[in-house]
Every structure is written in C-alpha cells, then in structure tokens.
Participant: 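Here it is: the structure, laid out below.
In what follows, chains are A, B, ... by sequence order, proteins preceding strands, each numbered from 1.
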Number of protein chains: 2
Amino acid sequence: MTTADTSVRRQIINTADRLFYKQGYNLTGINQIIEEAGVAKASLYYHFPSKEDLCVAYLKLRGEKWSAMLAKYIEGVSDPREAIIKCFECRSKYLLQNDFSGCSYIRIIAEMPQRSAKINRQAILNKEKQRLFFIEQVSKLKKNSSTVNDLANTIFLLFDGATVQCQVYRELSPIENALKALKLIL
Amino acid sequence: MTTADTSVRRQIINTADRLFYKQGYNLTGINQIIEEAGVAKASLYYHFPSKEDLCVAYLKLRGEKWSAMLAKYIEGVSDPREAIIKCFECRSKYLLQNDFSGCSYIRIIAEMPQRSAKINRQAILNKEKQRLFFIEQVSKLKKNSSTVNDLANTIFLLFDGATVQCQVYRELSPIENALKALKLIL
DNA sequence: GTCTATATTGTGATAGAC
DNA sequence: GTCTATCACAATATAGAC
C-alpha cells in the first residue's frame with residue numbers, strides 16, 4: 001500500500017461504497033458522503049483527488065467484495081457444474097442483501113456514457129474477472145476447448161441478463177429462469 | 001392526444017430523447033435541453049410539469065421507436081425462429097446506430113434506484129412489451145405450452161445480457177455470442 | 001492529515017410580462 | 001403558449017489555519 005489506510009480513509013470509502021451502490025453515483029454528492037462518514041471535505045480530497053478517483057476505489061472494493069463472497073460460497077465445491085449454479089445462487093443472495101441494486105460495474109457505465117479512462121478500465125477489469133470464473137469452471141467440465149469459450153459466454157450472458165432483470169423487476173424470478181436454462185445447457 | 005403536439009413540444013421531447021439517451025438522464029440538465037432545443041425554460045415547464053414527466057415521455061418515445069424499428073425489420077418474416085434471430089440482429093443495428101448506449105429502460109432504472117412510480121411503471125411496461133414479443137414467437141414455435149414461457153424467458157435473458165454487455169464492452173461480440181446460443185436452443 | 005470557510009458553477013423550478 | 005429574469009439550493013473543488 002502506498003497510501004496509508006487511516007480510519008478516515010476507511011470511513012470515506014465505506015460510506016461512498018454504500019451510498020454509490022444504493023443511490024447511484026451521480027445522485028450521491030460529496031457533501032452527503034462526508035456528512036455520513038463524519039469527516040471534513042478537505043479530508044476526502046486529501047485521500048481522493050477527485051470524485052472520479054473515489055469512483056475507481058469504489059469499483060475496486062465492490063469487485064473484491066463480490067470475489068470474497070463467491071469464494072466463500074463455493075468453498076469446498078469441486079464439481080464445476082455445481083460451482084456455476086452456486087454462483088447464480090450467490091448472485092441471488094447478493095441482490096437480496098443489497099436491495100436489488102444490480103451490478104455496480106454495469107450501473108456505473110450506464111450512468112456515465114462518457115466514461116473516463118480510469119473508470120472504464122476498472123469496470124472492464126471487474127467484468128472480465130467474472131467472465132474468467134465461468135471460463136475456468138467450463139474448462140473443467142469440457143475437454144473440447146473449442147466449445148469452452150462459447151459455453152462460458154452463454155453462461156455469462158445469462159448471468160448479466162438475470163442480474164439486470166432482477167434489478168428492473170425487483171424480484172428474483174429472473175435468476176430462477178437463468179437456473180432453469182443452466183440446467184438444460186450444462 | 002389531450003396535449004397539443006406543437007412544434008415547440010416536439011423540439012423539446014426530441015432533444016430530451018437524444019440527450020437523455022446519449023449522456024444519461026442525471027447528467028443532462030434542463031438548461032442544456034432548452035438551449036439545444038432552442039426554446040425557453042418556461043416553455044418546457046408548460047408542456048412538462050417536471051423533469052420526471054419529461055422522463056416518462058422519453059421512455060414512451062424510446063419504446064415506440066424500438067417497436068417501429070423491430071416491426072420494420074421483421075416485416076414479412078413468418079418463421080418465428082427467424083423472427084427471433086432478426087430481433088437480435090435488429091438490436092445489433094440499434095446499438096451500433098446509438099453509440100452502444102444500451103437499453104434506455106434499464107439505464108433509467110440503473111440511474112434512479114429510488115424510482116418514482118410513474119417512471120417505474122413506464123419502464124416495466126416497455127420491458128414487458130419486449131418479453132411479450134418473445135413469448136408470441138415461441139408460442140408459434142412450440143405446441144407444448146408448459147415450455148413456452150421458459151424458453152421465451154431464456155431468450156429474454158440472452159437479449160438483455162447481450163444488450164448490457166455490448167454497452168459495457170462497446171462492441172457487438174456479445175450479440176454474436178447470444179446468436180450462437182440461440183441457434184443451439186431454438 | 002484533518003479541519004473550517006469559501007469559491008464557482010450548475011441545478012430544477014417559478015413569476016410575471018406579452 | 002412562449003418569453004426573460006430570477007429564485008433557492010446543491011454540486012465539485014480549493015485555500016489556508018492548525
């Protein structure tokens with residue numbers, strides 16, 4: 001770590017994470033973040049040069065949280081087919097815990113069409129990590145490498161489709177639909 | 001029409017439609033809309049009581065534009081399997097024409113987690129119209145009505161998954177992936 | 001490193017003339 | 001129905017004391 005992980009910094013990023021994800025990035029002002037974090041405005045700008053940089057840190061944190069949650073959820077699972085299904089069930093739990101706020105990476109991009117290079121890089125990085133998980137699991141499942149990517153991409157499409165539809169409809173049935181589809185194609 | 005379709009009103013809604021979709025709803029101010037539309041601020045508020053009402057009109061217009069584009073694209077197509085594939089190809093064309101701005105209904109919901117009742121209603125209405133299209137096509141394809149909804153929902157998941165992934169990656173390959181999957185399951 | 005106070009610009013919305 | 005002028009407030013960001 002090049003930057004000190006002070007308690008103030010932690011307070012800021014945790015509050016930003018909560019508010020950005022719950023209310024949306026553009027609807028969350030710096031003022032609300034410092035107020036709820038209990039820190040001064042200049043302290044925020046000491047740790048994060050701009051709101052954009054805070055956004056990158058937010059995306060990074062979201063990625064780490066999801067990876068940790070998924071890892072814990074599939075701990076000890078050796079069957080790749082079961083791991084994939086558990087990943088969707090984990091998503092269901094995640095959305096339920098987070099008031100159906102959807103995928104933070106997709107939402108940031110949806111909010112900022114003129115995305116900055118920094119934000120774009122982090123969002124894509126996070127999404128590619130998700131795709132990689134499916135590729136790894138499918139690789140264990142299939143020997144024929146030519147169909148591995150195709151199957152993994154299909155699963156990835158179902159994953160994102162279910163995530164956004166759950167967000168739109170505020171219910172878990174799209175995940176159920178995705179699980180039904182999964183059991184047919186796996 | 002209860003409201004007169006004056007040229008000023010048309011200018012406002014057309015400009016709002018273009019800017020909301022290109023820049024995002026929250027990043028587009030009333031000031032920019034009236035400036036680019038070439039009308040006065042009070043004129044906008046004469047035709048639309050609030051920005052929220054303008055948003056509902058925007059969603060409605062987007063829905064009509066997509067329906068019209070799709071109808072034209074599948075004109076004369078009787079085979080339901082071909083109609084579904086053409087729908088995805090139409091999506092590809094739509095995203096390419098619109099700078100990969102994704103689905104306007106999903107984006108509005110992604111931008112406003114605390115969505116108003118009016119906006120929520122219109123967004124869901126538009127999404128349900130998309131689902132209905134797939135249900136209709138699959139109904140022509142399958143006789144067994146118990147599997148119709150499942151298959152249509154799977155296609156709908158692929159449709160939304162491909163749309164958001166194209167938006168994120170700014171490329172059409174997710175639609176290609178969805179088409180590959182479609183050809184396997186149809 | 002953290003604070004208070006301030007600068008500057010933009011936001012959605014309205015009053016009142018014509 | 002359309003306009004100009006203005007309201008009250010919130011936005012991101014910075015200066016300078018401690």
Participant: For the pair made of CG in B:L44 and C1' in C:dT14, what is the distance, rounded to whole Å?
Facilitator: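 So the two atoms are 13 Å apart, to the nearest Å.
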Participant: A:F48 has an atom CZ; how far is it from atom C1' of C:dT2, in whole Å?
Facilitator: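 Checked: the CZ to C1' distance equals 15 Å.
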Participant: Please confirm whether the shortest side-chain N or O distance from A:S43 to OP1 or OP2 of C:dC3 is below 4.0 Å.
Facilitator: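 For C:dC3, OP1/OP2 do have a side-chain N/O of A:S43 under 4.0 Å.
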Participant: Which nucleotide sits closest to the side chain of B:A40: C:dT4, D:dC3, D:dT12?
Facilitator: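 It is D:dC3.
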Participant: Establish, from distance only, whether the side-chain atoms of A:E52 and A:Y25 form a donor-acceptor pair under 3.5 Å.
Facilitator: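 Their side chains do not contain a donor-acceptor pair, so the 3.5 Å distance test is not met.
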Participant: Let's see if you can work this out: which of D:dC3, D:dT14, C:dT2 has an atom nearest to the side-chain heavy atoms of B:V39?
Facilitator: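 The listed nucleotide nearest to B:V39's side chain is D:dC3.
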Participant: Near DNA chain C, which residues from residues 14-36 of chain B have a heavy atom under 4.0 Å away?
Facilitator: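 Within this stretch, B:T28, B:G29, B:I30, B:N31 sit under 4.0 Å of the strand.
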Participant: Using only side-chain N and O atoms of B:Y46, determine if any of them is under 4.0 Å from OP1 or OP2 of D:dT2.
Facilitator: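 B:Y46 to D:dT2 OP1/OP2: no side-chain N or O under 4.0 Å.
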Participant: How close or far is atom C1' of C:dG16 from atom NZ of B:K41, stated in whole angstroms?
Facilitator: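 Distance check: B:K41 NZ to C:dG16 C1' gives 16 Å.
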Participant: Can a cation-pi geometry be assigned to B:K51 and B:Y58, taking NZ or CZ under 6.0 Å from the six-membered ring centre and within 45° of the ring axis?
Facilitator: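 Negative - B:K51 is either too far from the ring of B:Y58 or too far off its axis.
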Participant: Return the nearest nucleotide to the side chain of A:K51; candidates are C:dT2, D:dT12, C:dG16.
Facilitator: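 Selected nucleotide (nearest to the side chain): D:dT12.
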Participant: Does the side chain of B:T15 come under 3.5 Å of the side chain of B:E36 through a donor N or O and an acceptor N or O?
Facilitator: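 The criterion, which ignores hydrogens and geometry beyond distance, is not satisfied for B:E36 and B:T15.
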Participant: Measure from the side-chain heavy atoms of A:A42 and tell me the nearest of C:dT2, C:dC3, C:dA13.
Facilitator: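 Minimum distance to the A:A42 side chain belongs to C:dC3.
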Participant: Pairing donors with acceptors under 3.5 angstrom, does anything connect the side chains of B:R131 and B:N153?
Facilitator: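 Their side chains do contain a donor-acceptor pair, which is all the 3.5 Å distance test asks for.
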Participant: Just the rounded figure in Å: distance from P of C:dC3 to OH of A:Y45.
Facilitator: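 About 15 Å, once rounded to whole Å.
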Participant: With a 4.0 Å cut-off on N to O distance, would you call A:E111 and B:R107 a salt bridge?
Facilitator: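 The answer is no: the pair does not qualify as a salt bridge.
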Participant: Distance from A:R170 atom CZ to B:I109 atom CD1, nearest 0.5 Å?
Facilitator: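 Nearest 0.5 Å value for the CZ-CD1 distance: 9.5 Å.
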